Each structure stands twice: as C-alpha cells, then as structure tokens.
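Read the structure below first, then the notes.
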Amino acid sequence: VEYFKHDSAEVSDNAHIGAGAKVWHGVQVMPGASVGEATILGKDVYVDAGVSIGARVKVQNHASLYKGSVVEDEAFIGPNAVLANDLRPRACTPDGALKTEMDWTARGATIKKGASVGAGCVVLPGVVVGSYAMVGAGSVVTEDLPDHALALGTPARVVGSVCSCGERLDPSLRCGKCGRSYVSTDGNVRPGPRSSDA
Ligand SMILES: [Zn+2]
C-alpha cells in the first residue's frame, strides 16, 4: 500500500495503513491497528494496539488513541486529545504488584463519522461521540453525545447543535452559513428533507 511515512515514525508490521495516508514525525502505530485511506496522523500521535481509524480522518499532533478506541471516517481529533480506555486506572493491584493486561479490560471511546474532538479534550472509556458532533477544546466527555451536538466544558454539556459544515445551527436548526437544515427526532439531530443540500 502506498502511503507516506516520515522516517522517525514507527509503524508495526502488523498494522494496516490505507492508501494515501500520511504518518508524520514520531508517530507510533501499534500491532493490529488500522488506519484508513488518506487519513493524516500528525506529529507524535500514538495509536494503540487494535485501534481502528477510518478514512479521511485528521488526528492532530500529540493525540493519544488508546486500545479499544474507534474513530470513524472523516472525524477530527484535536491536538493533545486523549481517547481513554481505563475507567478505574491503577498501576498496581492492592498487593502492590504491577497490573498486567490480564487485570483489566480496555474499553475505548467511539468517535462517529464526521465528529470533531477539540484540542486537549479527554473522552472517557466507552463514551460515544455522535456523528458530526463537536466537542469544544479542553472538554472532558463523560457521557454519550447525540449526532450534531455541540458540547462544552467539564463534564461536557450539550449547549446546542452544529451543522456538518461546523457552524452552529439556529433555534430552527438551520445553518446560517451553508443553508442546510435539520430536524430533531428522539434527541438526535439529522439532515432535514428540505435541506438545500438535498
Ligand atoms: Zn452549515
């Protein structure tokens, strides 16, 4: 497979990297990880064993994606963001022995298609960030977020909805920038039938 890898990056022979991907300085990709076509892994990104990253994803500098994480197509992971996988982290057992992989179960975060996780965010284990949701910089995401949600703060709270283009939607769920409109059903926002994009 043809992709770009900087000389300083370390990619396991047992990882899959899609065509046209770019793997920049100091990146480490562990065994069993999968990176989709045309995805960009910025400087010093860490992709743990078995992590799945889709196509056309941008992972910015120093982001860490731990075992169990799933990042779908066209998502954005900001610089220094962390997708965590251990809700009760301990270095050792109560007897003082270092814990091994046998002593805990990795449970990763899932970032759905087109969603954005801002700079310095932490997404806790097992949390699902919905499609095209946007999480403000520095937030800690402790609960699942619906599609197109705009969430901010620690813990992250939903404060509105965003368009696929990234602009905030007005109260009628229309985007003032690109004209797309949305409907809300069961707490999820999805493209509406009258969207100018249809
Ligand atoms: Zn828009």
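Computed from a predicted structure; not experimentally measured. Counting convention: from 1, in listed order, for ligands and their atoms alike.
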### Query
Between Glu101 and Lys67, is there a salt bridge with N-O shorter than 4.0 Å?
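Yes, charged N to carboxylate O under 4.0 Å.
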### Task
Spell out the protein N/O/S atoms under 2.8 Å from the Zn ion (ligand 1) as residue plus atom name.
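Near the Zn ion (ligand 1), the protein supplies Cys163 SG, Cys165 SG, Cys175 SG, Cys178 SG.
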### Query
Is it true that the side chains of Tyr46 and Asp44 contain a donor and an acceptor less than 3.5 Å apart?
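Distance-only check fails for Tyr46 and Asp44.
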### Query
Is Lys58 atom NZ crowded by more than 12 heavy atoms from other residues, nucleotides or ligands, each under 6.0 Å away?
no
Could you list the donor-acceptor pairs under 3.5 angstrom formed between side-chain atoms of residues 103-116 and any protein atom two or more places apart in sequence or on another chain?
| residue | atom | partner | partner atom | Å |
| --- | --- | --- | --- | --- |
| Asp103 | OD2 | Thr100 | N | 2.8 |
| Lys112 | NZ | Glu72 | OE2 | 3.2 |

### Task
Could you list all the salt bridge (Lys or Arg N to Asp or Glu O under 4.0 Å) pairs where at least one residue sits in residues 118-144, not counting sequence neighbours?
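Those involving residues 118-144 do not exist here.
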### Task
Can you tell me which residue pairs pass the ring-ring contact (aromatic ring centres under 6.0 Å, His included) test with a partner in residues 145-177, sequence neighbours excluded?
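Non-adjacent pairs meeting ring-ring contact (aromatic ring centres under 6.0 Å, His included): Tyr132-His148, His148-Tyr182.
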